[in-house]
Amino acid sequence: MGLPLLLEQAINGVQFGVMLFLMSAGLTLVFGIMNLINLAHGSLYMIGAYLAATLYQMTGQFVLSFLAAMLLTALVGAVLERLLLRRFYDRSHLDQVLVTFGLILVFNDLVRMLWGPVSVPLPLPSLLAGSVQLMPGLQYPTFRLAILAVGVLVAGGLYVLISHTRVGMWVRAGASDRPMASAMGVNVETIFVLVFALGAALAGLAGMMAGPITAVQIGMGEPVLILALVVTVIGGIGSVRGAFVAALLIGVVDTLGRILLPPALGSMVIFILMATILAWRPKGLFSVHG
Amino acid sequence: MKKVALMFAASLLAASAHAEEPIKIGFISTFSGPQGVLGRELLEGFKLGLESSGGKLGGRAVELIQADDQGKPDAGRQAADKLVERDGVQIVTGINFSNVMLAVAKPVLDAGVFVYSINAGPSQYAGQLCNPNYFNVSFQNDTPSEAMGIYLTQKGVKRVYLMAPNYPAGKDFLAGFKRTFKGDVIGEVYTAFGQLDYAAEIAQLRAAKPDAVFFFYPGGMGINFVKQYSQAGLKAEIPLYGPPFSLDQTVLPAMGDAAVGAFASTFWSESFDNPASKKFVTDFEAAYNRIPSPSAAQAYDGARLLDAALTSIGGKIEDKDAFRKALQTVSFDSVRPGFRLNTNHHPIQDFYLTQIENDDRGRPIMALREVIVKQHPDSFVEKCKLPL
């Protein structure tokens, strides 16, 4: 394997990792702070992609459609939290899994009713559709570089938001000790809606960033959800930093595993990694709950 | 005397009631989940075929009972048991997945009911397991890839790179290709089923510098792969070749321009210009507001062949020997010119090379390029010992 190819595969790994991070950030926030296992996170990913595809088709404005679709997905998340999921914070994880699994089925059929069973197109504007030469012998798709950039921006933004703002402090307080945080006067209810909406917006963003390179179809969120759960668990539930590190780790290990190992082993390698890390640190790499 | 007359009247009544009874058809297919688009395509093609004969088969009314197999063999088997035992269907059709077919066919055939495949074509039932009551009117699984192997050999293409998902049908399609391709296979890659990101595999492929890529990725996997292949800038360098199911109307609208220029080997395409095919495409677009795929076409053909066979025997599906013979010998106006059934009840048909291009309304279609092979039978017919 020559240097350009090795470099390209490394970028592929990092880029895949960044995409996983976009998906996992929202999941880990909701899981860590509200103690809610939200399997319907994958549905929000799907809704984001469908909304972005529809808005882009209607308006022809790529960036604006994406921003509007993010806002709409956040709204869907907020409504979901207010009407249904807030009733499940104090219930057992099994109840949460059941209700959010049910939501997956409901959302899949809603999307089928609204958009039909055939997957919808989400093309790229010509500026992003091509590829650029990074070095002699290394062509890289422009849009994948855009995903890298967006992922790094989101990671930086979340870092600032959570570590250096008052809202972030409340979120961290809520994540590490919920009863104490509300006893100290933090309006936990508002924080919860905001966090859930933010998580939904991030899931939607992940879906629409994945849309131009993968199929925008019913059930597109489920395979990604499994990977995001792996990332969340490895990184430590509730830790955005952990999710970032774990997502990059999974992205690189999965990519290298697929090209260097036989197919059956290659698709298992991330789960072997998860088992190894959990045996070593049962609470994940960056545990929030002490 | 009075009693005899009554009995006579009763038997007359029974006979007429018998003629009025609808033909019962069980339609098992995948209607839910990501693969649900396939079931819809087959069902709507089949229904359109029924409508073309006034909703009747051989002049008799039809009761079509639908069942969802969710793409799972066990669910398909349960649906088949119910259709055969409770509903008393005479024909089971609609099955799209070969693994579902393998689970369903045996109990259905054991009950003396006809299996009439309008999609799935596992090699077992074309070869050793062939059965007098099992008919496939679509294609045997291996044949489209065999045709592409023939074409690339004819073209003198030397170095081919193969890609498919790691599951039985993926291996079958590549096996079919390797059976007829005489050049070098320089890479054969199986990826995880349902994989989203192919960047790593595409980078390896580019480094191997093949002359052509033959791939089989159905549904969403195909959309992922073709989009990413195009974005990597490879489309212009190394042409893509595949069987029709990776490049048909169930996925083309979502692929858009990424698919334009790719080649598919097929037994039917929406750009066929024979009258039966043109009528089908026009009627389908009018009814469902989209272009039909080969899956819809073969389902339509399936319904039309049933009507032709039953018309020739006066609708008497209860006479199984006559029905079987009629299916095998009757001629009908197929959307696939030259279509006929072989001695193993599987098609002998022509295969064509098509290329994806935009039609005059900017929609990607499979445009006809050339005939690859005429009257192509499947490779398993010798293993089938059916009495003629």
Side-chain angles (χ1 to χ4, degrees), chain A residues 1-2 4-6 8-9 11-13 15-16 19 53 105 108-109 112 116-124 128-133 137-144 210-220 222-224 227 251 254-260 262-264 266-268, chain B residues 30-41 164-166 170 188-204 206-208 217 219-234 237 249-259 288-290 293 364:
Chain A
M1 204 188 296
L5 182 58
L6 196 65
E8 181 176 358
Q9 297 295 27
I11 305 175
N12 280 336
Q15 180 263 321
F16 187 47
M19 219 160 88
L105 304 178
N108 280 351
D109 267 299
R112 190 194 313 280
V118 179
S119 83
V120 300
L122 177 48
L124 284 171
L128 291 170
S131 54
V132 286
Q133 189 161 12
L138 175 48
Q139 286 275 345
Y140 207 74
T142 320
F143 186 69
R144 285 182 184 262
I213 58 174
T214 63
V216 180
Q217 64 176 2
I218 293 156
M220 67 187 280
E222 279 104 83
V224 189
L227 291 173
D254 181 57
T255 301
L256 294 180
R258 264 155 53 205
I259 55 172
L260 298 175
S267 47
M268 273 195 302
Chain B
T30 309
F31 294 107
S32 56
Q35 306 291 346
V37 56
L38 262 175
R40 181 183 76 155
E41 201 71 10
N166 194 9
E188 184 173 351
V189 174
Y190 293 98
T191 52
F193 189 86
Q195 187 167 314
L196 302 165
D197 189 27
Y198 295 89
E201 289 81 5
I202 289 172
Q204 298 298 108
R206 188 206 307 265
Y217 281 120
M221 286 183 278
I223 300 173
N224 300 346
F225 177 74
V226 170
K227 278 177 161 181
Q228 293 168 24
Y229 192 82
S230 164
Q231 284 162 13
L234 272 175
E237 285 174 35
Q249 289 297 334
T250 60
V251 290
L252 275 179
M255 289 175 179
D257 284 340
Y288 308 116
N289 198 26
R290 63 174 199 278
S293 67

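Each chain gets a letter, A, B and so on, in the order the sequences are listed, and its residues count up from 1.
Options B:Gly219, B:Gly256, B:Gly222, B:Ala203 differ in how many heavy-atom pairs under 4.5 Å they form with chain A, and the most are formed by B:Ala203. If you tally non-hydrogen atom pairs under 4.5 Å between each of B:Pro253, B:Gly233, B:Gly194 and chain A, the highest count goes to B:Pro253. Heavy-atom pairs under 4.5 Å with chain B peak, among A:Pro117, A:Gly116, A:Ala129, at A:Pro117. Comparing A:Val120, A:Ile213, A:Leu227 by how many heavy-atom pairs each has under 4.5 Å with chain B, the most go to A:Ile213. Interface summary for chain A: among B:Asn224, B:Thr191, B:Ile223, B:Val189, the most heavy-atom pairs under 4.5 angstrom belong to B:Asn224.
Using a 4.5 Å cut-off between heavy atoms, B:Tyr229 does not touch chain A at all. For B:Glu41, no part lies under 4.5 angstrom from a heavy atom of chain A. Heavy-atom distances place both the backbone and the side chain of A:Gln139 under 4.5 Å from chain B.
Across B:Ala199 and A:Arg258, no two heavy atoms sit closer than the pair N-NH2, 4.2 Å. In plain terms, the two heavy atoms of B:Ala254 and A:Ser119 that are nearest each other are CB-OG, 3.0 Å. Between A:Ile259 and B:Gln204, the shortest heavy-atom distance links the atoms CG2-CG, 3.6 Å. Taking all atoms of both residues into account, the shortest heavy-atom contact from A:Pro212 to B:Lys227 is O-CD, 3.4 Å. When all heavy atoms are compared, the tightest approach of B:Leu196 to A:Pro223 is CD2-CG, 4.4 Å. The minimum heavy-atom distance between B:Asp197 and A:Gln15, with the atom names listed, is OD2-OE1, 4.3 Å.
Inter-residue side-chain proximity for B:Gln231 and A:Leu124 is flagged as met; some heavy-atom pair is nearer than 4.5 Å.
Side chain of A:Gln9 to main chain of B:Ala200: a donor-acceptor pair is present (N/O by atom type, distance under 3.5 Å, no hydrogens or angles).
Here the OH-CG distance, from B:Tyr198 to A:Asn12, works out to 14.0 Å after rounding to the nearest 0.5 Å. Interatomic distance, B:Arg206 CZ to A:Leu138 CG, rounded to the nearest 0.5 Å: 8.0 Å.
Between the side chains of A:Arg144 and B:Gln228, at least one donor N or O lies within less than 3.5 Å of an accepting N or O.
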